[in-house]
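Structure first, commentary second.
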Amino acid sequence: ENGKIVYEDLLDGEEIIKLMERIESRFDPSNYVVMTENYNTYIYSRKYKPSFRCIYPLYKLSQGRYDSPYKIVRKSKFIKEIKNGRIFKLMCFFGIGHRNSVRASIVSKYLSKYEPNYESNWSSISIEFNNKGCTKANGIKKYLEMHNYSKDDVYVIGDSGNDVCMFIEFFVRSFCI
């Protein structure tokens, strides 16, 4: 509001590290990404380290408007940022291709059931984590309350797993692209 943050729901760094350990022990993801106050896309590649450094810039070019600055780091730096930074989001990736997409879907269903403190959204080859209740739909509802707008004033457009909550909450005027 007026250039000031009115609400934040940051992830707890120590809890995120424990979550990553639980995920790694069962599912073997290839990469993690965190969005922090310091870095929009801070990447730790568990596998394919040399090739990932060459391939990711090519992938980045394909992202169009989703393109953002990134930094690929070793595990120790990644963990340090999680412990010391303000964490907005964690994502884990399973690789490209149909097999990895199916695997990410299975992992997402498991995590939705057994990690109740988090919102976990599956989008093809990745899973995105936020604190329970920290969703785009809840953010829009909070904005509506603050500004005394009606749900009837809202149109939502989305293209990813983290948009489903908006389609459910504002289904009359929702569009999937």
Side-chain angles (χ1 to χ4, degrees), residues 1 3-50 52-53 55-56 59-60 63 66-96 100-101 103-143 146 158 160-166 169:
E1 188 72 21
K4 295 183 181 174
I5 295 171
V6 293
Y7 181 77
E8 283 186 318
D9 195 356
L10 301 173
L11 293 165
D12 179 274
E14 294 297 329
E15 291 301 316
I16 286 300
I17 292 168
K18 291 176 189 173
L19 174 63
M20 289 170 57
E21 289 169 353
R22 290 191 298 273
I23 292 169
E24 287 174 27
S25 72
R26 290 182 165 266
F27 303 112
D28 197 31
S30 59
N31 306 301
Y32 288 105
V33 175
V34 288
M35 181 185 292
T36 73
E37 182 176 46
N38 300 321
Y39 302 97
N40 194 39
T41 307
Y42 203 64
I43 304 168
Y44 160 51
S45 178
R46 295 184 65 238
K47 301 178 177 182
Y48 328 119
K49 289 178 174 87
F52 183 76
R53 288 187 180 281
I55 293 169
Y56 189 78
Y59 166 76
K60 185 179 174 318
Q63 294 304 293
Y66 294 113
D67 180 29
S68 62
Y70 69 95
K71 186 167 187 168
I72 302 170
V73 297
R74 296 177 193 267
K75 184 175 184 176
S76 59
K77 283 190 170 191
F78 191 82
I79 296 298
K80 184 177 179 181
E81 180 65 19
I82 290 174
K83 286 182 178 179
N84 299 325
R86 295 163 42 94
I87 311 301
F88 300 112
K89 175 171 47 176
L90 170 73
M91 296 176 74
C92 63
F93 290 81
F94 293 89
I96 40 184
N100 287 314
S101 180
R103 194 163 67 109
S105 172
I106 292 166
V107 173
S108 179
K109 289 174 187 163
Y110 176 88
L111 294 172
S112 292
K113 184 175 181 178
Y114 294 105
E115 294 291 345
N117 295 327
Y118 300 99
E119 296 287 340
S120 60
N121 297 292
W122 169 68
S123 291
S124 185
I125 59 171
S126 67
I127 301 172
E128 180 178 306
F129 295 91
N130 295 89
N131 285 325
K132 193 69 170 176
C134 184
T135 67
K136 289 181 179 183
N138 286 341
I140 292 170
K141 289 192 309 190
K142 186 173 267 316
Y143 184 86
M146 289 172 54
S160 189
N162 64 4
D163 298 319
V164 171
C165 60
M166 294 189 308
E169 185 67 33

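All values reported here derive from a predicted model rather than from experimental measurement. For the numbers below, each heavy atom of this structure counts, side chains included, while hydrogens, waters and symmetry mates do not.
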- Query: Between Glu15 and Asn117, is a side-chain contact (heavy atoms from CB on, under 4.5 Å) present by the stated rule, with each step listed?
  - Reply: CA-CA 10 Å; Glu15 291 301 316; Asn117 295 327; 5.9 Å; no
- Message: Would Phe88 and Leu11 count as a side-chain contact (heavy atoms from CB on, under 4.5 Å) here? Give the steps.
- Response: CA-CA 6 Å; Phe88 300 112; Leu11 293 165; over 6 Å; no
- Message: With side-chain contact (heavy atoms from CB on, under 4.5 Å) as the criterion, how do Ile17 and Ile79 come out once you've worked through the C-alpha distance, each side chain's angles and the decisive distance to 0.1 Å?
- Response: CA-CA 7 Å; Ile17 292 168; Ile79 296 298; 3.7 Å; yes
- Task: Determine, stepwise, if the pair Ile82 / Met20 fulfils side-chain contact (heavy atoms from CB on, under 4.5 Å).
- Result: CA-CA 11 Å; Ile82 290 174; Met20 289 170 57; 3.7 Å; yes
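Residue Lys132 qualifies as enclosed at atom NZ: its count of foreign heavy atoms under 6.0 Å is above 12.
Here the CD1-OG distance, from Ile96 to Ser30, works out to 9.0 Å after rounding to the nearest 0.5 Å. Summarising the geometry, atom CD belonging to Glu24 is positioned 10.0 Å from atom CG belonging to Leu19; distances are rounded to the nearest 0.5 Å. Considering OG of Ser126 and CG of Asn100, their distance stands at 11.5 Å, rounded to 0.5 Å. For the atom pair CZ (Phe93) and OG (Ser123), the distance works out to 9.0 Å, reported to the nearest 0.5 Å. To the nearest 0.5 Å, the span separating OG on Ser108 from CD1 on Ile127 amounts to 4.5 Å. Lys77 NZ to Ile72 CD1: the interatomic distance, rounded to the nearest 0.5 Å, is 13.0 Å.
At least one donor-acceptor pair under 3.5 Å links the side chain of Thr135 to the backbone N or O of Asn138. Although no hydrogens or angles enter the test, the distance criterion places no donor-acceptor pair under 3.5 Å between the side chain of Asn131 and the main chain of Cys134. Within the 3.5 Å criterion, the main-chain N or O of Met91 finds no donor-acceptor partner in the side chain of Glu128.
Residues Leu111 and Tyr118 form no side-chain contact, since every pair of their non-hydrogen atoms from C-beta on lies 4.5 Å or further apart. Within the 4.5 Å cutoff, the side chain of Lys109 has heavy atoms near those of the Ser105 side chain. Two residues are said to be in side-chain contact when any heavy atoms from C-beta on lie closer than 4.5 Å; Phe129 and Ile23 meet this criterion.
Residues satisfying the side chain to side chain contact (heavy atoms under 4.5 Å, CB included) test with Asp28, not counting sequence neighbours, are Arg46, Lys47, Arg103. Not counting sequence neighbours, the partners of Phe78 by the ring-ring contact (aromatic ring centres under 6.0 Å, His included) test are Tyr44. Evaluation of the side chain to side chain contact (heavy atoms under 4.5 Å, CB included) rule for Thr36 yields Val34, Asn38, Tyr39, Glu81, Ile87 as partners, not counting sequence neighbours.
For Arg26 and Tyr110, the side-chain atoms include at least one donor-acceptor pair closer than 3.5 Å.
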